[in-house]
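What follows is a single structure, written as structure tokens, with notes after it.
FYI, the numbering just counts along the sequence from 1.
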Amino acid sequence: MFRKPLTLSRKKQLCGLLFATPLILGLVILFLLPLLQSFRFSLSSIHLVEGGFAVDYLGWSNYSSLFTTNPDYLRKLTESVSNMVVNVPIIIIFSLFAAVLLNQKFRGRALARAIFFLPVILASAAIANLDISSFVGGSNLSGSSQGSGGLTQSFELKKMLTESGLAPVFVDYITGAVDRIYEIISSSGVQILIFLAGLQSVSPALYEASRIEGATGYEMFWKVTFPMMTPLILTNTVYSIIDSFSHNSINSLISETAFKSFEFGQSAAMSWIYFAVVTVILGVSTGIISRKVFYYD
């Protein structure tokens, strides 16, 4: 009895499954199984014994203790979410603004692009932890002269914005962004690169047609550039949220709870609550932004 030969479509399906097999195996072995094991640990008390560890089932007590007896977890979780809500919109706005500038034709454009991407290349987190005072003769950068000057400039900016009639909420938001300018720039390298690649993929014919119709540069930005960038705004928002949650104090708390206090069960419970919060924030943000995303056919 002869077997029916495979069709071309079936052969392509089998080839696709063959190429995806390493990814599927890696997902199950390196991600799914440790994930289930972590959830099991979060419901248990783990004790180190000779030759390994012992697991005693506790139920949901590890989770309840985080909200009733732990003095640091909720505070640091709230701080992380608050910092994300404040920083991510500023990072997206600054990245798009910088990408639009770097997309213009001017002398030294390659050098300017490299400078904006340097924080990513040079691992800015390590540079930020350096003791800068040692490079300026041991002087205190937050001393009377520099500190008073920075406070004076911040006060003058706040006063100017308040006198212009801007709402106090926006004034505090803008002055806070100015105070965190180094953090914002160091977190915007990848986002600028993504926006820059998107801007270079926009068809010049759209801008040419806009100029023929008499559109100004301001109108071309809001009618052409911004709609074409909305898919990348969604991408950069997701990236910025995840990046902000991967570098904060709560990750240090989870690590210290596991490897210094040896409370592995409570550390796993912290991780799962943290994972749930990040998932909810990503879902809400993606759902809101996706409604406004424009895809050019």
Any side-chain heavy-atom pair from I192 and F97 closer than 4.5 angstrom?
no
Evaluate V202 against T225 for side chain to side chain contact (heavy atoms under 4.5 Å, CB included), listing each step before the verdict.
CA-CA 8 Å; V202 178; T225 304; over 6 Å; no
Can you tell me if Y57 has over 12 outside heavy atoms packed within less than 6.0 Å of its OH?
yes
What is the ring orientation for F39 with Y63, classed by angle as parallel under 30°, tilted 30 to 60°, or perpendicular over 60°?
tilted
Any side-chain heavy atom of T230 sitting closer than 4.5 Å to one from K292?
no
Where is the tightest heavy-atom contact between N248 and S244, given as atom of each residue plus distance?
ND2-O, 3.3 Å
Here the pair of heavy atoms bringing Y207 nearest to M220 is O-SD, 3.8 Å
Using side-chain heavy atoms (C-beta onward) and a distance below 4.5 Å, is F245 in contact with I250?
no
Check P231 against M228 and note the closest heavy-atom contact, atom names and distance.
CD-O, 3.5 Å
Supply the atom-to-atom distance S267 OG to F262 CZ, rounded to the nearest 0.5 angstrom.
12.0 Å
Atom CZ of R10 and atom SG of C15: how far apart are they, to the nearest 0.5 Å?
11.0 Å
pair T286-L234: side-chain heavy atoms closer than 4.5 Å:
yes
To the nearest 0.5 Å, how far apart are OG in S201 and CE in M229?
5.5 Å
Identify the heavy atoms of L196 and L102 that sit nearest to each other, and give their distance.
CD1-C, 4.1 Å
Working to the nearest 0.5 angstrom, can you tell me the gap between R40 CZ and I46 CD1?
8.0 Å
Between T279 (side chain only) and F275 (backbone N and O only), is there a donor and an acceptor less than 3.5 Å apart?
yes
If Ile, Leu, Val, Met, Phe, Trp and Tyr residues are connected whenever their side-chain heavy atoms lie under 4.5 Å apart, and connections chain through other members, are I288 and V88 in the same group?
no
Determine whether V238 and S285 satisfy the following criterion, side chain to side chain contact (heavy atoms under 4.5 Å, CB included), listing intermediate values before the conclusion.
CA-CA 8 Å; V238 173; S285 303; over 6 Å; no
Look at atom CD of Q200 and say whether more than 12 heavy atoms of other residues, nucleotides or ligands are closer to it than 6.0 Å.
yes
Would you give the length of the straight line joining atom CD of Q13 to atom CG of L8, rounded to the nearest 0.5 angstrom?
10.0 Å
State, yes or no, whether a side-chain contact exists between F195 and I233 at a heavy-atom distance under 4.5 Å.
yes
Side-chain donor/acceptor of N87 to backbone N/O of N83, under 3.5 Å:
yes
Same apolar cluster: Y218 and L206, side chain cutoff 4.5 Å:
yes
Begin from the C-alpha positions of F67 and I273 and carry the test side chain to side chain contact (heavy atoms under 4.5 Å, CB included) through to its verdict.
CA-CA 11 Å; F67 297 96; I273 294 176; 3.6 Å; yes
Without swapping roles, check the side chain of S188 against the backbone of Q191 for a donor-acceptor pair under 3.5 Å.
no
Same cluster or not: are W60 and M270 linked, directly or through other Ile, Leu, Val, Met, Phe, Trp or Tyr residues, by side-chain heavy atoms under 4.5 angstrom apart?
yes
To the nearest 0.5 Å, what is the distance between CG on L232 and CG on L199?
8.0 Å
What is the minimum heavy-atom distance between A269 and N62, and which atoms define it?
CB-CB, 3.9 Å
Do Y274 and L253 come close enough that some side-chain heavy atom pair is under 4.5 Å?
no
Flag, side chain of S240 to backbone of T237, donor-acceptor distance under 3.5 Å:
no
Parallel, tilted or perpendicular for F226 and W222, by the 30°/60° rule?
tilted
Side-chain contact, heavy-atom cut-off 4.5 Å: D243 with S246?
yes
Linked, directly or transitively: W272 and L58 (ILVMFWY side chains, under 4.5 Å):
no
Could you check L96 against I92 for side chain to side chain contact (heavy atoms under 4.5 Å, CB included), going step by step and ending with a plain yes or no?
CA-CA 6 Å; L96 181 58; I92 298 300; 5.6 Å; no
Shared hydrophobic cluster for I93 and L101 (ILVMFWY, side-chain gaps under 4.5 Å)
no
Can you check whether S61's main-chain N or O pairs, donor with acceptor, with S65's side chain at less than 3.5 Å?
yes
Are there more than 12 heavy atoms of other residues, nucleotides or ligands under 6.0 Å from atom CZ of F106?
yes
